[in-house]
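Reading through the structure tokens given below for one structure.
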Number of protein chains: 2
Amino acid sequence: MLTRVPAVKTHTADLAARLVDEAGRLLAREGAAALTLRRLATASGTSTMAVYTLFGDKQGLLRAMYRTGFDRLGAALRTAAATQDDPVEALVALGQAYRDTALANPHLYGLMFGTAVPGFVPDDDAKAVADAAYEPLVEGVRRCLHAGTMAGTAAERIALHLWSVSHGMVSLELAGHLPAPDPATAYVEAMVYAGIPFVAGGERG
Amino acid sequence: MLTRVPAVKTHTADLAARLVDEAGRLLAREGAAALTLRRLATASGTSTMAVYTLFGDKQGLLRAMYRTGFDRLGAALRTAAATQDDPVEALVALGQAYRDTALANPHLYGLMFGTAVPGFVPDDDAKAVADAAYEPLVEGVRRCLHAGTMAGTAAERIALHLWSVSHGMVSLELAGHLPAPDPATAYVEAMVYAGIPFVAGGERG
DNA sequence: CCACGTGGCATAACGTTGTTATATGCATGT
DNA sequence: ACATGCATATAACAACGTTATGCCACGTGG
């Protein structure tokens with residue numbers, strides 16, 4: 001049955017935010033298969049046409065979710081980096097925050113990095129938001145380079161390497177390809193090992 | 001009637017192979033959105049019912065594609081490792097073969113590692129095939145450990161680290177998050193750097 | 001050699017999806 | 001106060017996965 005909401009006649013921007021928020025909740029709780037426009041409309045107290053007037057089509061809604069997902073990832077990374085004074089510890093905190101964010105909403109992570117929804121391709125504007133979220137990691141590497149705890153290559157290359165390890169490890173964990181015992185420990189260990197090639201002095205445990 | 005194992009008849013097995021092959025071609029050329037049962041049926045010269053009698057439902061077809069994808073990945077990795085005598089060069093060849101296989105069929109790669117199709121979850125049997133494909137990398141690391149060019153940790157841990165870097169780098173490249181200039185070079189460089197923490201002696205360039 | 005029943009495949013139908021077309025109603029500007 | 005316009009609700013359409021039904025080609029007992 002349809003729930004007839006009294007149509008609070010909020011501004012369209014608020015409705016757009018509510019739609020993106022409810023779509024994210026729907027995606028997180030039941031996966032991409034449950035994210036249908038009809039369910040989203042009834043859950044948000046509106047009709048499917050709201051998606052078309054506000055986002056053009058379903059792809060537009062997914063693009064908005066993509067953007068907000070990377071915005072929140074970037075914010076999580078920034079706050080995580082700010083909690084640690086030591087540059088190397090800040091990098092580890094960045095990795096853990098990356099993993100926590102991904103595991104907290106695997107389907108959104110799949111939408112952001114994979115092809116979680118069949119025909120979805122992010123536009124260049126959305127990719128710019130993604131690269132902005134990736135920036136705190138580069139900044140953290142720059143801090144390490146400035147502090148002398150890393151050396152050998154440009155900050156962008158080192159950050160890309162760390163991002164690859166983090167993203168790869170998280171993806172394998174989400175896909176169930178990580179051996180059972182304590183994936184979090186394995187992840188942190190891999191993160192630390194990944195930084196070792198660029199650590200000045202090059203000692204390892 | 002949960003596990004209805006399809007009885008392997010002679011001509012039916014051929015039709016099953018043709019369906020999986022055509023589905024892979026359809027997925028590779030036009031993506032997951034174009035992989036519909038009606039299109040697959042007409043392209044294979046049969047009807048949609050063939051999928052249901054042979055695989056149960058679309059999920060069963062996807063599971064079969066998942067298995068054959070990992071089978072071919074494992075075969076590609078085995079042959080790549082066999083081309084090189086030097087253990088370290090064999091690891092690099094493994095990484096390049098991994099990247100080539102993924103880039104040759106991105107949608108199949110997404111099906112194998114991500115949530116490319118909304119409701120698809122591989123069963124434990126399929127995951128065993130995936131882990132078997134991952135075995136040549138462990139073997140390559142064992143060769144390096146035996147040759148003395150690597151040290152410090154168990155082979156499974158090192159192989160997992162290398163797999164994470166490879167998988168992460170390829171995933172980022174497929175998602176368009178790699179900076180433009182020469183991703184292949186960046187990939188090989190990351191692969192080499194990933195091995196450095198475990199190289200006995202610990203020198204680096 | 002023939003009748004028959006079993007099983008795989010084609011055809012058709014059902015519910016649901018994204019999308020589009022039409023109708024309605026609230027809002028605003030003059 | 002009236003007309004205009006845009007956002008939304010309702011309804012319809014093509015296509016999807018899936019299920020039900022019918023057909024035909026086998027394999028086996030007489």
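Lettering of chains follows the sequences in order, A, B, ..., and the numbering in each one begins at 1. Note that the structure is predicted; figures quoted are calculated from it, not measured. What's counted below: heavy atoms across the whole structure, side chains too, no hydrogens, waters or symmetry copies.
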State plainly whether the residues A/E135 and A/R142 are in salt-bridge range, i.e. N to O under 4.0 Å.
yes
Aromatic contact, B/H167 with B/F113 (centres under 6.0 Å)
yes
Determine, for A/K127 against A/D123, whether the closest basic-nitrogen to carboxylate-oxygen distance falls under 4.0 angstrom.
no
From CG of B/L40 across to P of D/dA15 the rounded distance in Å is 18 Å
Could I get a table of every N or O pair under 3.5 Å where one atom is in the protein and the other is in nucleotides 20-25 of chain C?
none

Whole-Å distance between D/dT18 C1' and B/L54 CG?
16 Å
Expressed as a whole number of angstroms, how long is the span from A/L35:CG to C/dT17:C1'?
12 Å
In whole Å, what is the span from the CG atom of B/L62 to the P atom of D/dG17?
10 Å
Short side-chain N/O contact from A/T46 to OP1 or OP2 of D/dT8, under 4.0 Å:
no
OP1 or OP2 of D/dC16 sitting under 4.0 Å from any side-chain N/O of B/T36?
yes
Please work out if A/S47 contacts a base, only the sugar-phosphate, or nothing of the nucleic acid, heavy-atom cut-off 4.0 Å.
base
A/S44 side chain to A/A41 main-chain N or O, any donor-acceptor pair under 3.5 Å?
no
What I want to check is whether the side chains of A/T153 and B/Y193 have a donor and an acceptor closer together than 3.5 Å.
yes
Interatomic distance where CZ belongs to B/R39 and P belongs to D/dG17 [whole Å]:
11 Å
Mapping B/A50 and B/R38 onto DNA chain C by nearest heavy atom, which one lands closer to the 5' end?
B/A50
Could you state the CG-P distance from B/L37 to D/dT19, rounded to the nearest angstrom?
11 Å
Quick one, A/L26 and A/T36 - any side-chain contact, counting heavy atoms below 4.5 Å?
no
Provide, to the nearest angstrom, the distance between the CZ atom belonging to B/F55 and the P atom belonging to D/dT18.
14 Å
Taking only Lys NZ, Arg NE, NH1 and NH2, and the carboxylate oxygens of Asp or Glu, determine whether B/D125 and B/R67 approach each other closer than 4.0 Å.
yes
